[in-house]
Amino acid sequence: MELPEVEVMRRDLEKEVVGKRIKAVEVRPQRNAMRVIRRHARRKEFSDRLAGKKVTKVDRKGKYILMYLDDGDVLIVHFGMSGQLIRGQKRQSLPQHTHVVMEFQQGGDMRYVDPRTFGEMFVTAADELGKVRELDHIAIDPLEDTFTWQEFSYELGRRASKLKPLLMDQKFVSGLGNIYSDEVLFAAGLKHDRMSDSLSSQEVRRLYRAMRETLQDAVRFRGTTLDDEAYVDLFGKPGEFQSELKVYGRKGLPCRRCRTPIDSIKVAGRTSYFCPQCQS
DNA sequence: GTTTAACCCTGCACGC
DNA sequence: TGCGTGCAGGGTTAAA
């Protein structure tokens, strides 16, 4: 799950759970549930910190969701690659790999489901958020107004790194993963292995625009749901951006712009898709 | 400073 | 049919 999917989830949560009070929290008995709340020593410690509290605000920092509670605590959720939050009803049976169930006083519940358990949930005091290293290191959000192309240009020039890993580096810009970094690079007409400090100012502008437009479009389409991936929104509905993808997962298929077959290569352990003709 | 690889985990596609 | 293997992916960390 990357920026667009997390942002869609944030908006859903804002509508659906802000103002609701948590009645009870169950951390399921299987071992992987403890992996999900790995920063807490015991199930009870986690549940007790949430029970009885009201959700007042939902923020996003990179790929992290921050749910503020009315006593100054914050529930932080990171989805890893297979995590989901799903709205449910008490009577409904729990899907496989459900690790946490939060029941609301106003009725209904919310389940955290995560087969691969790369994701996690934890609670911390809002005034101690600065001590959470992963959050503290997260770079500027490319959809923020404060993200200007001048600053982006300066940061690109300051680094000497290949574009693809740099775009995925959350300490450089936040929110991009494997899918959207490929899509952004295609939209910008740049190859994954171009060095960040070799870009002309025109190329920097193209990359900046590509990043903003691609991510905005993906949010508008409510994220990407691939066949082999189970991303769905809070209400269980898949996204629609997968039909808009230009390169990701399209190896061997004709480029939508020039008909040249899309190629793929392993970069830093991740498969990278690109058009050999349109990107240079 | 940058890059690579390993690690965590499950489900699925693949070949034999 | 059934098994083993490899891959997918986010982020951290240690090593190169």
Side-chain angles (χ1 to χ4, degrees), chain A residues 1-7 9-10 28 30-40 60-66 76-85 94-100 111-122 131-139 141-142 154-184 191-199 215 218 223-232 239 241-242 245 247-252 264-273:
Chain A
M1 207 190 267
E2 307 179 31
L3 185 151
E5 293 79 30
V6 181
E7 176 59 20
M9 183 58 72
R10 189 197 67 77
R28 303 285 298 159
Q30 73 273 18
R31 190 215 308 232
N32 274 350
M34 278 312 293
R35 238 182 80 75
V36 168
I37 57 156
R38 59 182 86 99
R39 298 192 198 214
H40 296 270
R60 177 179 60 78
K61 198 167 180 191
K63 301 175 190 172
Y64 288 82
I65 288 281
L66 285 74
I76 294 153
V77 184
H78 186 270
F79 297 98
M81 62 168 292
S82 59
Q84 340 173 331
L85 278 174
L94 298 175
Q96 237 203 323
H97 305 297
T98 301
H99 303 299
V100 176
R111 297 98 186 260
Y112 180 77
V113 182
D114 190 352
R116 295 176 199 175
T117 57
F118 282 21
E120 65 165 328
M121 298 178 100
F122 62 98
K131 289 187 191 164
V132 182
R133 219 189 319 149
E134 298 90 322
L135 284 172
D136 209 41
H137 286 173
I138 288 177
D141 192 297
Y154 171 75
E155 291 296 331
L156 280 168
R158 222 159 60 83
R159 306 289 199 103
S161 164
K162 292 175 179 171
L163 285 181
K164 163 101 174 176
L166 191 57
L167 288 181
M168 291 204 290
D169 184 350
Q170 304 301 301
K171 297 193 280 299
F172 181 69
V173 281
S174 59
L176 296 186
N178 204 30
I179 297 176
Y180 292 107
S181 57
D182 279 0
E183 292 299 312
V184 165
K191 252 180 90 182
H192 55 82
D193 59 354
R194 275 292 295 279
M195 296 303 283
S196 58
D197 55 358
S198 78
L199 269 50
L215 294 172
T224 301
T225 303
L226 296 170
D227 299 339
D228 60 341
E229 194 197 318
Y231 164 74
V232 286
F241 195 69
Q242 56 278 8
L245 295 175
V247 286
Y248 187 85
R250 293 178 44 82
K251 185 180 171 71
S264 79
I265 192 178
K266 276 266 185 196
V267 183
R270 302 276 184 263
T271 307
S272 204
Y273 299 88

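Computed from a predicted model, the values in this text were never measured in an experiment. For the numbers below, each heavy atom of this structure counts, side chains included, while hydrogens, waters and symmetry mates do not. First the proteins, then the strands, lettered A, B, ... as listed; each starts at 1.
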Is there a side-chain contact between [X] and [Y], using heavy atoms and a 4.5 Å cut-off?
X: Leu3(A); Y: Tyr180(A); answer: no
X: Gln170(A); Y: Lys63(A); answer: yes
X: Lys164(A); Y: Asn178(A); answer: yes

Q) Looking at dA8(C), does its base get a donor-acceptor pair with the side chain of Arg116(A) below 3.5 Å? A)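 Such a pair is found, so the answer is yes.
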
Q. With distance as the sole criterion, do the side chain of Arg133(A) and the base of dG11(C) form a donor-acceptor contact below 3.5 Å?
A.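 No pair found.
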
Is [X] near enough to [N] that one of its side-chain N or O atoms lies under 4.0 angstrom from OP1 or OP2?
X: Thr271(A); N: dC7(C); value: no
X: Lys63(A); N: dG11(C); value: yes
X: His78(A); N: dG10(C); value: no

(Q) Pick the closest DNA chain B nucleotide for Met195(A) and for Arg270(A) by heavy atoms, then say which residue is nearer the 5' end. (A)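 Whichever sits nearer the 5' end wins; that is Met195(A).
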
Q.
Please classify the nucleic acid contact of Arg159(A) as base, sugar-phosphate, or nothing, using heavy-atom distances under 4.0 Å.
A.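 If one applies the 4.0 Å heavy-atom cut-off, Arg159(A) turns out to touch the sugar-phosphate alone, with no base involved.
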
(Q) Heavy atoms only, 4.0 Å cut-off, all strands: where does Asn32(A) land among base, sugar-phosphate and nothing? (A)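 The residue Asn32(A) makes sugar-phosphate contact but no base contact.
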
Length of the [atom1]-[atom2] vector between [X] and [N], whole Å:
X: His97(A); N: dC12(B); atom1: NE2; atom2: C1'; result: 12 Å
X: Arg35(A); N: dG10(C); atom1: CZ; atom2: P; result: 15 Å
X: Arg39(A); N: dT12(C); atom1: CZ; atom2: P; result: 9 Å
X: Lys266(A); N: dA8(C); atom1: NZ; atom2: C1'; result: 8 Å
X: Met168(A); N: dA5(B); atom1: CE; atom2: P; result: 14 Å
X: Leu226(A); N: dC12(B); atom1: CG; atom2: C1'; result: 14 Å
X: Ile138(A); N: dG10(C); atom1: CD1; atom2: C1'; result: 11 Å
X: Gln96(A); N: dT10(B); atom1: CD; atom2: C1'; result: 10 Å

Q: Identify whether the distance between the nearest side-chain nitrogen and carboxylate oxygen of Lys131(A) and Asp136(A) falls below 4.0 Å.
A: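 So Lys131(A) does not pair with Asp136(A) through a salt bridge.
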
(Q) I want to confirm an ordering. Mapping Ser82(A) and Glu134(A) to their closest nucleotides on DNA chain C, which one lands closer to the 5' end? (A)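 Whichever sits nearer the 5' end wins; that is Ser82(A).
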
(Q) With no hydrogens and no angle check, just 3.5 Å: does a side-chain donor-acceptor pair link Thr98(A) and Arg111(A)? (A)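 No.
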
Q.
Are dC8(B) and Phe118(A) stacked, with the base six-membered ring and the side-chain ring centres under 5.5 Å apart and planes under 30°?
A.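 Yes, Phe118(A) stacks on the base of dC8(B), since the ring centres sit under 5.5 Å apart and the planes are within 30°.
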
